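Here's the structure, in structure tokens; my notes come after.
By convention in this document, chain letters (A, B, ...) are assigned in the order of the sequence lines, proteins followed by strands, and residues within each chain are numbered from 1. Source: prediction; values computed, not measured.
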Number of protein chains: 2
Amino acid sequence: MSAANLRARVRAEMTEEIKKVARRHLATDGADLSLRAVARDLKMASSAVYRYFASRDELLTALIIDAYNEVGHSAEQAAASAAAPIDRWLAACHAVRDWALDNPHQWALIYGSPVPGYQAPKDTVMPATRVLLLLGGTLADAYQKGLVPRREPLTGGFADELVPVAETFLPDLPPRVVADTMAAFFQLCGAVSAELFGQLNNTVERDRRGFFEYQMRSAATLAGLA
Amino acid sequence: MSAANLRARVRAEMTEEIKKVARRHLATDGADLSLRAVARDLKMASSAVYRYFASRDELLTALIIDAYNEVGHSAEQAAASAAAPIDRWLAACHAVRDWALDNPHQWALIYGSPVPGYQAPKDTVMPATRVLLLLGGTLADAYQKGLVPRREPLTGGFADELVPVAETFLPDLPPRVVADTMAAFFQLCGAVSAELFGQLNNTVERDRRGFFEYQMRSAATLAGLA
DNA sequence: CGCTTGCAAGAGCAGTGCTCTCGTTGTGAC
DNA sequence: GTCACAACGAGAGCACTGCTCTTGCAAGCG
């Protein structure tokens, strides 16, 4: 709280302020948010923003990390409020979908096509896996509690394809569970993205909950979560 | 071939040439292809391009329609080369994935997040459904041949959510089949996009075929295609 | 008090989509 | 064959973008 910290505190506030406005612009204009426009909104010169973010990509990275954490946190919260694995599973999926419907452009930022010139730095890897870890954890939990019928091991011998992901993100899980977790996660992303990006008709309506739940139940069934 | 047709013919050739170069730029630069850069490549003024495409969005639309048709055609070809429904199913899925791996930016254009200011015109709806129709057709075929065990009807009463899609794209199919077709289609999109957009690790490798096939087999199983 | 360092502002560069205005040239009607 | 007209290419120009560089100011520390 000394005067020495004032600069740092103001800087942190300013950084947060920029992100806030940028997020607002993201919500309206999409992923091609303009650094200059953000600066205009903040009544500051565009060059001043570069004191806080070295480039537009760095600002995007900050937003991406926040988005991953937001959706991850949201899913974790939802899952925590249920007891049975299947309920936790469905709660997490619905939380992800609800968050996506509330923040479509942020969803597009993290799970849509990568922005053209942008290369995700390492910092985004960890928060990006929160939802996956949650699903995997739920499934692993159900396994340990004996709620899942014994599955036959993987056929086709592609287990080694999953090794890199398995050993970094989902250790201590049998290959079959890793495969099912990843498949379910992709299913979740696919369902949400399809609904959000208007793959078929652009009638994105929140009351299509039923179909979404049908899909996520299917994914759970596929993973052995009855 | 009369002289009267010269203008029209040159125009058609020019249009195709622009699309060709644009597609090349798309492959390298991604969705933010520059109309001016395309014009430069063609050694023409940027304003001249506007004689052929009223806007950058219109050029994108043309590329999108082509992409839909390409991937659709590819899937149809692959499916036609197999006999049993499950083989046709898998062949179609692999064809879609292979095309996507070959043309990642085109895939992003049609199945990724929508480009910011862009609103898809009606022209894109029809070609967009080719893959979906193919999957649905394969499934319907299997049904008619009695290869699919009788499924219980949908529970949860969300069949009406699917009505708009069902009646415009998949008529004459029971709601259950419509739901399964759509779910499988989303699963396909999700699997390909996840792999392509590097959701987890950016190790997009063609030899992850095994895991992809595992997912698509699961989708088929879910849809009753043993 | 003076010095350093963090910060904001402005000008400027190269690039973008798009519009407008010019000449030019192919085309169909007469 | 002539002539008006439409299509076309080129260039200038506008408003915008990301980003850099320089300049000036003021807060913090010795």
Proximal nucleotide (of C:dA8, D:dG18, D:dC8) relative to the B:Y52 side chain: D:dC8
Identify which nucleotide among D:dC19, C:dC7, D:dA10 has an atom closest to any side-chain atom of B:M44, counting heavy atoms from C-beta outward. D:dA10
Touch check for B:R51, heavy atoms < 4.0 angstrom, all strands: base, sugar-phosphate only, or nothing? base
Is a donor-acceptor pair below 3.5 Å formed from side chain B:R36 to base C:dG15, judging by atom type as modelled? no
Could you tell me the separation between the CD atom of A:E17 and the P atom of C:dC7, rounded to a whole number of Å? 16 Å
Check A:A75 against A:A95 and note the closest heavy-atom contact, atom names and distance. CA-CB, 3.8 Å
Could B:R209 and B:E213 be called an ion pair, given the rule that one side-chain N must be under 4.0 Å from one carboxylate O? no
Distance check needed: D:dC19 P versus A:L35 CG, whole Å only. 7 Å
Counting any heavy atom closer than 4.0 Å, what does B:S55 reach on the DNA or RNA strands: base, sugar-phosphate only, or nothing? sugar-phosphate
Nearest whole Å is fine: how far is D:dA7 P from B:M14 CE? 17 Å
So which nucleotide from D:dC19, C:dA9, C:dT19 ends up closest to the side chain of B:Y50? C:dT19
How is A:L33 classified with respect to the nucleic acid when contacts are heavy atoms under 4.0 Å: base, sugar-phosphate, or nothing? sugar-phosphate
Provide, to the nearest angstrom, the distance between the CG atom belonging to A:D57 and the P atom belonging to D:dC19. 7 Å
Between atom CZ in A:R11 and atom P in D:dA26, what is the gap in whole Å? 20 Å
Among B:N103, B:I110, B:D102, whose side-chain contact (heavy atoms from CB on, under 4.5 Å) with B:Q106 holds? B:N103
Integer-rounded Å distance: C:dG17 C1' and B:L60 CG: 12 Å
Between C1' on D:dG11 and NZ on B:K43, what's the gap in Å once rounded to a whole number? 18 Å
Roughly, in whole Å, what's the span from CD in A:E58 to P in D:dC19? 10 Å
Of A:A37 and A:A54, whose nearest nucleotide on DNA chain D comes first from the 5' end? A:A37
Quick one: do the B:Y68 and B:D123 side chains pair a donor with an acceptor below 3.5 Å? no
Among C:dA8, D:dG18, D:dA10, find the nucleotide with the atom closest to the side chain of A:S34. D:dG18
Test for a donor-acceptor pair under 3.5 Å between the base of D:dG9 and the side chain of B:S47, counting only N and O atoms. no
Closest approach to the side chain of B:R40, judged atom by atom: which nucleotide of D:dG9, D:dC8, C:dT16 is it? C:dT16
Ignoring hydrogens, what is the shortest heavy-atom contact between B:G72 and B:V131? Give both atom names and the distance. CA-CG2, 4.1 Å
